Number of protein chains: 2
Amino acid sequence: MIIPPGFASFSEYSDQFLKNVAVDNVILGYHEKELKVLLQQPYTLEKWTVTGGYIKKTESIEDAASRIAFDRTGIKGLYLKQFGSFGNPQRVIDNGFTPQYIKKITGFDLPADSWIFDYFVSVAFYTLTEFSKVESTKGELEADSRWWPVNELPPMMFDHGHIINEALSALRLHIAHFPIGYELLPEKFTLPEIHSLYETILGKSLDDRNFTKKLLLTKIVTKLDETRKIGRHRSPFLYKFDKERYQEGLKSGVALVF
Amino acid sequence: MIIPPGFASFSEYSDQFLKNVAVDNVILGYHEKELKVLLQQPYTLEKWTVTGGYIKKTESIEDAASRIAFDRTGIKGLYLKQFGSFGNPQRVIDNGFTPQYIKKITGFDLPADSWIFDYFVSVAFYTLTEFSKVESTKGELEADSRWWPVNELPPMMFDHGHIINEALSALRLHIAHFPIGYELLPEKFTLPEIHSLYETILGKSLDDRNFTKKLLLTKIVTKLDETRKIGRHRSPFLYKFDKERYQEGLKSGVALVF
DNA sequence: ATTAATTCCGTATTTTTAACGGAATTAATA
DNA sequence: TATTAATTCCGTTAAAAATACGGAATTAAT
């Protein structure tokens with residue numbers, strides 16, 4: 001727990017938060033046919049973490065997750081999905097928190113029996129966002145922070161590698177029951193683009209004709225009259241999401257079994 | 001947080017636990033074609049809660065859930081499934097904890113800014129168990145504790161009514177992907193029995209011929225050569241679970257879509 | 001005019017799911 | 001001992017969904 005400037009004591013800052021419980025957000029983005037995750041490298045440590053933070057006593061865990069996701073991405077109203085909580089004593093062994101270490105990074109002396117040295121339960125959410133939207137606010141992100149391809153992760157702190165894998169499992173399960181893509185694609189997109197998105201997330205190839213058939217059957221995307229001119233080949237038509245049907249699908253479920 | 005006898009101070013007892021986070025177990029049992037949930041009525045309050053408890057600093061959240069489930073049921077090795085975490089400021093308003101109240105029930109004076117007066121995030125699990133196994137240990141359960149039909153719940157503390165509903169939703173989703181019943185049926189059971197169990201959990205009637213077909217296709221149950229003599233009608237054959245296939249199904253999933 | 005890259009479309013086959021009726025067994029009882 | 005009431009148990013057909021697959025059209029570069 002890093003103390004921002006302007007606080008006279010550790011507790012003056014930390015008292016606004018719940019103890020021994022925190023939120024982690026696995027922020028996923030899609031770029032160049034690859035799923036990426038936004039990681040940060042805090043406090044000059046050599047390991048990376050998913051984005052996360054503490055829960056204010058006055059907010060719900062969902063509100064905390066939203067607030068933190070907004071802080072890291074600058075995007076309001078991200079779709080956050082809780083997929084599990086993680087907690088075991090090994091977490092505190094791995095993080096290297098000691099009174100000396102806390103003294104060094106925060107300047108405050110804390111007793112060895114402070115709750116800060118007990119393990120934290122992490123309530124984990126994942127979210128999907130369009131890669132480019134976040135990159136534009138990259139300058140505002142704190143410390144070291146960058147996108148990593150989900151299958152080429154750097155050395156991760158604690159169990160964060162595991163948490164990312166669980167997020168991906170949850171996403172793959174989720175995708176079978178709910179529409180996906182609104183958050184990950186530009187407003188107008190082509191069929192091959194959304195096709196490739198699904199292939200990337202599911203990690204397998206999907207027959208293009210069957211994919212199109214099923215997708216259009218759900219009516220969550222509608223064809224536009226425009227095409228996009230790219231490359232020396234036929235120009236693909238553009239599509240967009242039918243926002244109402246999409247929202248409806250999020251609530252009540254849409255079967256899209258691939 | 002009730003202090004057992006023999007502790008000199010609140011912190012002497014509470015220091016073994018993580019703060020502001022706890023575990024709740026929705027213990028489900030099946031009896032007479034009805035799903036029931038084990039609830040307790042703590043501290044002479046008039047509202048009921050699902051079983052739950054605090055997490056020791058030395059144990060994982062899963063271990064805490066197991067320990068607590070064992071305490072309440074006397075059954076070792078219950079299958080516990082995490083299905084979500086719940087936390088918002090309303091929880092603390094609802095529980096009625098005040099320094100005066102804590103003084104009354106524990107005998108200790110606590111400062112108003114103690115973490116005990118902040119809300120607790122609940123990591124929730126559900127478990128399935130054979131009703132009769134637990135009932136036999138009922139005498140050992142603490143305080144008021146009894147089974148309630150899941151659709152005739154008494155007044156519930158906090159959001160515990162909501163948590164139970166979420167547990168049931170999770171269970172109904174779960175049942176489509178994993179085998180169920182080993183924990184809820186006696187060792188040997190009849191087809192009508194397991195059929196009725198599935199109907200009860202899913203809350204709808206399932207065609208018996210199709211049900212049997214699908215169930216046997218999974219190979220998780222095997223037919224025995226015995227029958228059970230009950231009533232003035234044809235004696236049903238007995239079946240049992242193939243434990244190996246069942247375990248395998250729990251790990252890798254079994255499609256049983258009804 | 002040719003070529004390379006890519007979009008786009010439809011039908012046939014297989015598999016899965018859903019719907020459905022009637023004969024067999026048991027024990028009570030008339 | 002014949003009848004009745006309650007329940008188990010079985011198999012086929014129709015409908016729906018998923019899968020497999022080939023070839024023509026467009027574009028821009030050469």
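Naming: A, B, ... by sequence-line order, numbering from 1 per chain. What you are looking at is a predicted structure, and each value in this text was computed from that prediction instead of being measured.
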- Separation between CG (A:Leu35) and OH (A:Tyr30), nearest 0.5 Å, reads 8.0 Å
- Each base of DNA chain D marked ( ) or [ ] if paired in-strand (Watson-Crick or G-U under 3.5 Å), | if paired to another strand and . if unpaired gives ||||||||||||||||||||||||||||||
- Task: If a pair satisfies salt bridge (Lys or Arg N to Asp or Glu O under 4.0 Å) and one of its residues is in residues 25-40 of chain A, list it, with sequence neighbours excluded.
- Result: A:Glu34-A:Lys36
- Item | Between C:dC9 (C1') and A:Leu216 (CG): distance, integer Å | 11 Å
- Message: Show every salt bridge (Lys or Arg N to Asp or Glu O under 4.0 Å) that has at least one partner inside residues 213-227 of chain A, sequence neighbours left out.
- Response: A:Lys188-A:Glu226
- Interatomic distance, B:Asp242 atom CG to B:Gln247 atom CD [nearest 0.5 angstrom]: 10.0 Å
- Message: Could you work out, with ring-ring contact (aromatic ring centres under 6.0 Å, His included) as the rule, every residue matching B:Phe125, not counting sequence neighbours?
- Response: none
- Taking only residues two or more places apart in sequence, or in another chain, which ones meet B:Phe258 in a ring-ring contact (aromatic ring centres under 6.0 Å, His included)? B:Tyr198, B:Phe211
Scan the side chains in residues 167-181 of chain B for donor-acceptor partners under 3.5 Å anywhere in the protein, sequence neighbours excluded, and list what turns up.
unit_1, atom_1, unit_2, atom_2, d
B:Ser169, OG, B:Asn165, O, 3.2
B:Arg172, NE, B:Ile201, O, 2.6
B:His174, ND1, B:Tyr126, OH, 2.3

- Which nucleotide of DNA chain D is the first, and which the last, in the 5' to 3' direction, to come under 4.0 Å of a heavy atom belonging to chain A? D:dT19 to D:dA29
- Note on the structure: salt bridge (Lys or Arg N to Asp or Glu O under 4.0 Å) pairs touching residues 147-158 of chain B, sequence neighbours excluded, are none
- Item | Nearest non-hydrogen partners of A:Phe70 and A:Ile75, listed with the distance | CD1-O, 3.4 Å
- Item | Set of ring-ring contact (aromatic ring centres under 6.0 Å, His included) partners for A:Tyr246, sequence neighbours left out | A:Tyr182, A:Phe241
- For the atom pair CG (B:Asp24) and CZ (B:Phe158), what is the distance rounded to the nearest 0.5 Å? 8.0 Å
- Message: Does anything in residues 190-206 of chain B come within less than 4.0 Å of DNA chain C? Heavy atoms only, and list the residues if so.
- Response: none
- What distance separates B:Glu183 CD from B:Leu80 CG, expressed to the nearest 0.5 Å? 10.5 Å
- Item | Distance in Å, B:Thr127 OG1 paired with B:Lys81 NZ, rounded so as to fall on 0.5 Å steps | 12.0 Å
- Message: Heavy atoms within less than 4.0 Å of DNA chain D: which residues of residues 224-238 of chain B have one? Give them sorted by number.
- Response: B:Arg232, B:His233, B:Arg234, B:Pro236, B:Phe237
- Parallel, tilted or perpendicular: which describes the rings of A:Phe131 and A:Trp147, with under 30° parallel and over 60° perpendicular? tilted
- Task: Grab the NZ-C1' distance between B:Lys214 and C:dT17 for me, whole Å please.
- Result: 6 Å
Set out, line by line, the N/O atom pairs under 3.5 Å between protein and nucleotides 10-12 of chain C.
unit_1, atom_1, unit_2, atom_2, d
C:dT11, O4, A:Lys213, NZ, 3.0

- Task: Work out which heavy atom in A:Ala255 is nearest to a heavy atom in A:Thr218; give both atom names and the distance.
- Result: O-CG2, 4.4 Å
